[in-house]
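Have a look at the structure below, then the notes.
Nothing fancy with the numbering, it's 1 onward along the sequence.
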Amino acid sequence: MGQARAHLLASLWAFYLILAISMVTGDLTNDLDILWGNSKVFYDNSGKQTISLTLDRWTTSAFRSKSTYLFSRIDMDIKLVAGDSAGTVTTLYMITEGLWQFHDEIDLEFLGNSTGEPYTLHTNLYARGKGGREKRYKLWFDPTADFHTYTIIWNQRNILILVDDKLIRQIKNNLMYSVPYPTYQPMRVYGSIWNADDWATMGGRVKTDWSQAPFTAYFRNYRAIACPPQQSSPLCGQSSGNWFNQELDVTRKQQLQEVDANYKIYDYCTDTKRFKDNLPKESTMGRLANWSDDRTSKSTPDYRIQAGSFLLKLWFRPIFIIFFMPTSSCQPMMSSSYTFQESKHTPQSAYSLRHFALAKAMGQHRAQLLPSMSMAALYLILATSPVISDMTDSLDMLWGNTQVLYDSTGHQIVSLSLDRWTTSAFRSKTKYLFARIDMDIKLVAKDSAGTVTTLYMITEGLWDIHDEIDLEFLGNTTGEPYTLHTNIYARGTGGREKQYRLWFDPTEDFHTYTIIWNPQMILILVDGTPIRQMKNQLRNDIPFPLYQPMRLYASIWDADDWATQGGRIKTDWSQAPFTAFFRNYQANACIPYKTAWICSQGSNDSSWFTQDLDEEGKQKLKDVDDNYKIYDYCTDSRRYPNGYPPECGSQ
């Protein structure tokens with residue numbers, strides 16, 4: 001074991017010796033994509049290319065970097081909204097593009113104020129989905145009078161935030177003390193402006209004065225010295241510059257102390273009202289682990305060991321690394337003459353409001369096609385791909401104890417296993433825009449309480465507007481039936497749960513589970529019997545997955561806090577490993593054609609593309625509803641005391 005660990009640490013050290021440094025300088029449009037809203041690119045009087053982001057009552061605006069980076073130094077000159085900017089938020093931030101619950105993020109948010117009052121610079125860090133690390137500052141200058149340089153340095157040792165080369169915040173890598181830190185997921189740079197007058201200025205007491213609109217912020221001199229992920233591996237190492245290994249010298253320590261003493265106005269690490277029982281672990285790290293700024297080089301932790309420890313933990317956790325797909329590739333045939341409707345859903349926190357604002361703005365520009373749009377015109381070219389072959393030809397094994405074997409009938413089988421330390425999963429090699437997916441599954445036998453086996457389709461874009469079709473098999477104690485839990489997300493809105501008891505033992509043999517997703521509906525079948533249908537009702541402003549491609553995933557994981565009898569029955573780890581089996585993966589689906597996502601009728605089996613329920617299918621669906629459905633959000637009056645969701649009663 002000692003030799004294996006030494007080999008792992010040596011490999012990790014080699015991992016960080018591969019140089020992949022990219023320096024980005026030049027016109028902004030070479031390095032940045034303008035996303036939406038009233039965003040303009042022009043040259044100022046000094047000849048520098050400048051991006052203006054504008055907010056009015058109807059639209060936000062934003063840009064993002066063309067590249068993703070694993071560790072970087074990012075510099076951007078910004079001139080903030082002048083005059084009465086109360087209620088507005090201008091942002092510069094880095095964020096990963098995977099599952100939201102595991103995302104990393106480094107935030108600079110400039111909170112506007114009424115004329116003559118200073119801006120607040122609100123900073124925050126998310127690592128592996130955990131945030132709440134807010135620190136706020138009053139700047140020592142007027143950020144609206146001229147451009148000032150804001151810098152994010154993110155390396156394997158720490159995150160540094162600087163203003164005009166003055167250090168205002170440091171976040172150290174304390175993975176060795178189980179404090180999450182961004183280390184393995186690439187991030188992209190974003191800039192945006194949006195309205196947050198319910199919290200941004202004086203806690204929401206001062207609202208946005210729309211008579212002062214439009215509100216405009218200016219960005220120029222984008223510079224990125226960064227480690228771009230090499231192919232599919234996020235590799236990076238020592239650089240020619242010092243940012244990659246940068247820590248604090250005496251000057252930087254003095255700067256940080258000066259800013260803390262004179263300009264910092266909020267620090268979560270000292271908020272005893274918020275953390276009544278215990279301050280966050282990193283708040284006391286200076287005392288417990290010699291973490292303070294006067295720490296000597298002798299006490300600096302060995303980051304090779306930290307990386308080894310973290311990657312060992314990572315191997316045993318259900319991490320999905322999913323990358324963003326640009327909108328333009330998802331909707332090639334939309335023109336400006338179509339009318340769009342925006343989403344209606346309520347954010348739950350001040351933080352999520354920023355992402356809600358982005359999603360809302362995006363929704364205004366790429367949301368729902370009204371019925372005046374001809375679906376036949378949209379899907380003109382056939383790109384249907386039937387996949388019926390060895391599982392490994394069509395699926396990628398992702399992590400954990402995932403095995404490929406052949407059964408006695410010659411079928412290739414993938415087994416996914418769960419134990420106390422690791423989950424396992426696979427996904428399709430291809431993404432689809434509309435598909436019929438069939439998979440034979442044999443679920444975990446005997447005492448499967450607390451486990452969840454899944455088959456689902458999901459988009460790989462921003463979480464706030466993601467689409468998803470879920471089949472989750474909730475385990476139970478020996479002799480008790482499984483629950484099939486289904487849900488559908490469209491443009492970030494879910495909560496459409498329906499649950500069923502199956503009419504057979506799904507652990508004794510393989511059974512076929514089917515997802516049909518076409519422009520008319522989503523249909524879920526079990527052994528050819530329809531159990532759930534969701535119709536496309538975009539004409540009634542009900543979100544439906546229409547323009548974002550999805551990939552198929554399957555996994556097994558532990559959810560004993562809710563999965564079995566509401567969490568009352570926990571996972572019995574003495575029964576581990578828990579193993580589910582998958583075979584006969586078949587995908588009749590619409591795949592990319594060049595740069596577009598296009599699909600239509602045709603091929604040897606394309607009936608699924610226009611499939612709807614005939615009378616026999618409707619009767620089978622009714623029989624399942626009457627005899628096997630045990631929960632339906634559309635009849636949950638406790639959950640919806642003021643009326644059911646609009647799609648209920650019309651499915």
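- Applying the ring pair (Phe, Tyr, Trp, His ring centres under 6.0 Å) test to Y119 and every residue at least two apart in sequence or in another chain returns nothing.
- Checked against the 6.0 Å centroid threshold, F219 and F147 do not count as a close aromatic pair.
- Considering only residues two or more places apart in sequence or on other chains, K166 meets the side chain to side chain contact (heavy atoms under 4.5 Å, CB included) condition with W140, Q255, E258, V259.
- By the salt bridge (charged side-chain N to carboxylate O under 4.0 Å, His left out) test, D75 is found to be paired with R73, residues two or more places apart in sequence or in another chain being considered.
- T144 approaches V81 most closely through the heavy-atom pair CG2-O, 3.1 Å.
- Under the salt bridge (Lys or Arg N to Asp or Glu O under 4.0 Å) criterion, the residue pairs touching residues 544-553 are E460-R551, with sequence neighbours excluded.
- For the salt bridge (charged side-chain N to carboxylate O under 4.0 Å, His left out) test, no residue two or more places apart in sequence or in another chain qualifies with D142.
- Taking the side chain to side chain contact (heavy atoms under 4.5 Å, CB included) definition, one finds that Y266 meets it with E134, R136, Y268, D271, R274, sequence neighbours left out.
- With sequence neighbours excluded, no residue forms a side chain to side chain contact (heavy atoms under 4.5 Å, CB included) with D146.
- Listed by chain and residue number, A86, N113, V206 satisfy the side chain to side chain contact (heavy atoms under 4.5 Å, CB included) test with T201 (two or more places apart in sequence, or in another chain).
- Residues passing the side chain to side chain donor-acceptor pair (under 3.5 Å) test with D165, sequence neighbours excluded: R252.
- For Y489, the ring pair (Phe, Tyr, Trp, His ring centres under 6.0 Å) partners two or more places apart in sequence, or in a different chain, are H466.
- When the side chain to side chain donor-acceptor pair (under 3.5 Å) test is applied to T120, the partners found at least two apart in sequence or on another chain are K138.
- Shown here are the side chain to side chain donor-acceptor pair (under 3.5 Å) partners of R220, two or more places apart in sequence or in another chain: D44.
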